[in-house]
Every structure is written in structure tokens, then in C-alpha cells.
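Read through the structure below, which is laid out as C-alpha cells, and then see the notes.
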2 protein chains.
Amino acid sequence: MIRQNIKIAVDAVVFGYKDKALNVLLIKRDIEPFKDSWALPGGLVLEDESLEQAVERELKEETNVTVDYMEQLYSFGKPNRDPRNRVVSVTYFALVKPEHHDIKADTDAKDVAWFDVQDLPDLTFDHKTILEKAKGRLRSKLTYEPIGFDLLDDKFLFSDLEKLYMTILEKQIDRRNFRKKILSFNILEELDEKVSEGRGRPANLFKFNKKQYFKHQKEGFLFDIK
Amino acid sequence: MIRQNIKIAVDAVVFGYKDKALNVLLIKRDIEPFKDSWALPGGLVLEDESLEQAVERELKEETNVTVDYMEQLYSFGKPNRDPRNRVVSVTYFALVKPEHHDIKADTDAKDVAWFDVQDLPDLTFDHKTILEKAKGRLRSKLTYEPIGFDLLDDKFLFSDLEKLYMTILEKQIDRRNFRKKILSFNILEELDEKVSEGRGRPANLFKFNKKQYFKHQKEGFLFDIK
DNA sequence: ACAAAAGTGTTCTCCCTACACCCATGG
DNA sequence: CCATGGGTGTAGGGAGAACACTTTTGT
């Protein structure tokens with residue numbers, strides 16, 4: 001077998017919807033290179049763990065977050081993306097409900113924070129590229145899978161869902177058509193709770209019924225929002 | 001930096017459309033482990049080449065094929081997928097026009113051949129899983145990007161395009177609606193050449209106009225076949 | 001009473017679908 | 001002249017898009 005000294009790492013782009021904006025979880029590095037710079041959470045894969053286990057471990061260690069939804073994003077392997085050795089990074093795309101998690105810096109991280117994707121600090125390595133790829137994945141996935149609910153609280157307002165779609169897809173959405181469309185899928189439960197957001201008419205809370213979704217999906221139903 | 005001895009490889013799933021069927025390019029291994037078994041072309045990445053260069057080099061070495069279309073598929077990294085060392089494989093999805101290539105076994109390969117995906121030999125490692133993933137990507141991609149043309153000869157019959165879609169999507173397609181739809185995209189040139197396939201009325205040849213496609217795409221046009 | 005946000009229905013257009021007959025050639 | 005595959009049009013239904021007024025609450 002030929003000699004090869006390439007390291008393999010994992011990095012995670014963790015999105016959360018917070019303060020009516022799309023946020024991403026970043027850590028402030030506590031080790032060289034790029035100590036004190038902001039970066040995506042991640043690190044080298046251990047000999048006997050799977051890639052998924054590696055991401056989950058690194059996320060837990062560096063940020064104290066456990067994700068609700070995760071999938072592989074893309075692998076980055078240009079020879080000089082890391083100044084030390086050559087490192088190939090398998091990146092993951094994850095969604096969490098920020099209010100469910102107490103973020104906390106620990107191993108290798110000096111700080112952790114949510115950043116509005118519209119207002120990001122400089123990122124190390126090629127992490128900006130990775131983040132852009134993840135944004136693209138989120139945008140397209142939002143239209144054909146009900147992953148928006150993994151970003152919202154369990155109980156949410158219809159207007160929140162609508163704002164989430166408008167924020168991420170970066171376009172205006174007609175309230176009536178959107179509501180009609182989503183309700184026609186029969187994957188939401190309308191709760192008997194109302195919430196008043198300070199002013200205006202109180203709004204009804206909704207809940208995503210994942211079981212219903214899987215059931216409809218098995219019967220050939222396709223989630224699809226333009 | 002922690003000790004880590006994981007190797008990184010690339011593997012390619014190369015599809016070609018041949019004899020009215022979807023084919024995949026396989027090699028018969030000439031080295032252990034699994035010498036003499038059929039596998040996807042691929043191998044370890046060299047220190048100073050990018051992942052894409054690695055795939056292209058391995059493909060050239062093992063099969064003599066240069067691809068027309070290639071994109072990253074997925075990375076596989078379970079700890080025991082290779083019996084020797086731990087190997088993480090970044091896999092690629094590629095399309096070629098089989099009639100443009102003279103396949104030829106060379107380095108590490110004792111034989112190369114096209115196999116109808118409906119009639120495959122046993123594959124080594126987790127290559128069956130990789131192939132399934134690639135089939136899924138091909139199916140979905142075919143519906144929202146004009147990649148079918150990368151599988152057909154430059155000049156092709158409408159009926160070939162139609163058969164290709166029916167074969168890969170595994171469903172019947174209405175000839176009139178399909179033709180109407182594709183033609184409405186204005187991305188085909190109808191040539192003044194007719195071809196007689198033995199019997200029946202001679203058919204017109206068509207050519208995919210990539211420039212037109214890119215132009216329309218820039219103007220917001222979306223390729224979309226149900 | 002007014003400001004703010006929630007909730008709701010109809011019409012029009014366009015695209016998808018279903019469907020059947022004639023045409024050009026070779027044998 | 002017959003068998004084989006190529007080429008074409010139309011009508012009906014359904015889904016998306018556009019669009020504005022009423023309701024409920026807090027102040």
C-alpha cells in the first residue's frame with residue numbers, strides 16, 4: 001500500500017433560527033493554527049468511530065450541542081486547505097432549535113456563539129465556502145422536505161413558519177397561499193392555545209405531526225413548497 | 001496533533017447508456033484484497049493532488065476513460081469498510097458517452113467492462129451501497145438538470161431520449177407530452193438529418209444546445225421533467 | 001378608536017394529463 | 001400492402017398566483 005499522510009476531519013454547519021433570523025453556530029478556536037479566530041465546530045476523526053459519531057462528539061465537546069437533524073453535506077480536500085498537514089474534511093449539515101440548547105465552549109474552543117448568517121465574522125480555512133454550500137443545501141431542502149420544523153420550537157405560530165421561509169428563501173411569500181398550501185398537506189396540528197405577541201390579534205399555535213408526515217410520505221405524498 | 005492512521009481514497013460510479021440500458025463501468029481487481037472481484041474504479045489519493053484529480057487519474061489508469069460530466073457523490077467512512085486499514089472513500093458520480101471511449105484495463109485492473117445495472121455481478125467492499133446512492137442521484141438529477149444529454153451521443157433521436165428517461169426513471173412516459181415539454185425548453189436543435197433504424201419511418205436527429213441552456217438558465221429558466 | 005397582526009375565499013391563468021390517428025419507410 | 005416506428009393536436013381538470021377586507025386584541 002502506498003504511503004499517504006492525509007488526515008481526515010469532520011466539520012459541522014449547525015443552523016438555528018433565532019430572533020427571526022437564520023443563525024449558524026461558530027466556535028472561537030483555542031488552538032493553533034488560527035487561535036482566536038472563528039470557525040465551524042469540528043476536528044479530526046478518531047480511529048474507531050464513524051464519521052457521524054465524530055461530528056456528534058466534536059459538537060458535544062466544543063459547543064455542548066446535540067443536533068435534531070443531521071446529514072452529510074460535502075467533502076473538501078484541496079491539498080492546501082489546512083496550513084499544517086493535508087486534511088480532507090467531510091462536512092455535515094445540521095439543524096437545531098436554539099432555545100433547546102445551552103451552548104458552552106469546552107475542548108479546543110475558547111468561546112461559542114450563534115451568528116446571524118447575514119452578519120458573520122471572518123472564518124478560518126475554507127469555512128466560508130463550506131457555509132455557502134450549506135446555505136444552498138438548506139434553501140433547496142426547505143422546498144422539498146419539511147425541515148423547517150426542525151428549526152422552530154415544537155409549538156410555533158404560522159407567521160413564524162412563514163417568516164422562516166421568507167428569510168431563508170429570500171423572497172416574499174403570499175400569506176394566504178402559503179397557509180392554504182401547508183394546511184393542505186395535513187401535517188400540522190392546530191392547538192387550542194393562543195399566543196399574544198404584545199399587540200395585534202392573538203395567534204394560534206401549531207405543531208408539526210411527524211408521524212402523519214411519514215404516513216403520507218409512504219403513500220406517495222410529496223412535500224413541495226415553491 | 002493526534003495520531004491518526006486513516007487512508008483516504010476516491011471511487012467513481014461511471015454511468016453510460018448503452019444498448020438501450022443504463023450501464024456502469026466496473027473493473028476486475030488485480031490486487032488484494034478481493035483480487036479477481038468486480039469493483040468500482042478508484043484508489044488512494046496521492047499527497048499533492050486534489051480529490052477530483054485523483055478520481056480522474058484513477059479512472060484513466062484503470063479504465064482509460066475520461067469523463068464528460070462529474071460531481072461529488074458522497075463520502076463513506078464506516079470503520080470496517082476495508083479489511084486492511086481504515087479507509088474513507090470520497091465517491092464521485094460521472095457520466096460518459098460509452099461510444100466515445102475505448103475502455104482498457106491497466107494499473108491494478110485485470111479487466112474493465114460495462115455492466116447493465118439490472119444485471120450486476122457481486123461487488124466488493126460497500127460498492128453496492130455506493131452504486132445505489134449513485135442511481136438515486138442520477139434519477140433525481142435527471143428531472144431537474146439536462147444531464148441526460150451527457151449519456152447520449154451528440155446527435156440523438158428523440159425516441160432515444162425518451163427511452164433513456166423511461167429506463168432510468170423506471171416509468172412510462174407519454175411520447176407526445178414528453179416531446180412537447182422538452183421542445184418547449186428551446187434547448188434542442190433539430191438537425192436536417194434523418195436516420196432510418198431498419199424499419200419504420202426515418203427519424204430526425206437532434207442536438208443539445210448547451211449554450212442556449214446556459215443562457216436560458218441565467219434568465220431564470222428551470223429545467224424540470226416530472 | 002386606532003394600530004397591529006391574524007385569519008380567510010375567489011377568480012383567472014397556465015400547465016399537466018389523457019388520449020388516437022396519420023405518415024414515411026423497408027421488406 | 002403490411003409492419004414498424006415517427007410525428008402530431010386538443011380538451012378538461014387542477015394547482016398556483018394574484019388580490020383585500022374583516023377580526024381580535026392591546027393601548
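Every chain is numbered from 1, with letters handed out A, B, ... down the list of sequences.
Once you apply a 4.0 Å limit to the heavy atoms of chain B, the touched nucleotides of DNA chain C run 5' to 3' over dC16(C) to dG26(C).
Nearest-nucleotide positions on DNA chain D place R175(A) closer to the 5' end than the other of G198(A) and R175(A). Nearer the 5' end of DNA chain D, as judged by each residue's closest nucleotide, is the contact made by L157(B), out of L157(B) and S196(A).
The CZ-P distance, from F156(B) to dG6(D), rounds to 14 Å in whole Å. The CZ atom of F178(A) sits 18 Å away from the P atom of dA15(D) (whole-angstrom rounding). As a whole-Å value, the separation of K20(B) NZ from dG5(D) P is 10 Å. To the nearest angstrom, C1' of dT24(D) lies 18 Å from CD of E193(A). Atom C1' of nucleotide dT8(D) and atom CZ of F158(B) are separated by 12 Å, given to the nearest angstrom. One atom, CG of D160(B), and another, P of dG5(D), lie 13 Å apart when rounded to the nearest Å. dC19(D) atom P lies 11 Å from atom CG of N177(A), rounded to whole Å. To the nearest angstrom, C1' of dG7(D) lies 15 Å from CG of L188(B).
F76(B) has its ring centre less than 6.0 Å from the ring centre of Y74(B).
In this structure, a donor-acceptor pair under 3.5 Å is present between the side chains of S75(A) and S75(B). Side-chain atoms of H100(A) and D154(A) form no donor-acceptor pair, as typed in the model, at a separation below 3.5 Å.
Taking the six-membered ring where tryptophan is involved, the planes of F125(A) and H127(A) are tilted, since the angle between them lies from 30° to 60°.
Note on K226(B): nothing from the nucleic acid sits closer than 4.0 angstrom, heavy atoms only. Within the nucleic acid shown, R176(B) comes within 4.0 Å of at least one base atom, counting heavy atoms only. N204(A) comes within 4.0 angstrom of the backbone, heavy atoms only, and of no base.
Residue side chain K180(B) reaches the base of dT10(D) through a donor-acceptor N/O pair under 3.5 Å, judged by distance alone. Not a single donor-acceptor contact under 3.5 angstrom links the side-chain atoms of R199(A) to the base of dT25(D). If you check distances only, the side chain of R201(B) never reaches the base of dG7(D) with a donor-acceptor pair under 3.5 Å.
Remark: E56(B) does not engage K60(B) in a salt bridge, criterion side-chain N to carboxylate O under 4.0 Å.
F34(A) does not carry R29(A) over the face of its six-membered ring by the limits of under 6.0 Å from the centre and within 45° of the normal.
The only option from F178(A), F149(A), F158(A), Y17(A) that meets the ring pair (Phe, Tyr, Trp, His ring centres under 6.0 Å) definition with Y165(A) turns out to be F178(A).
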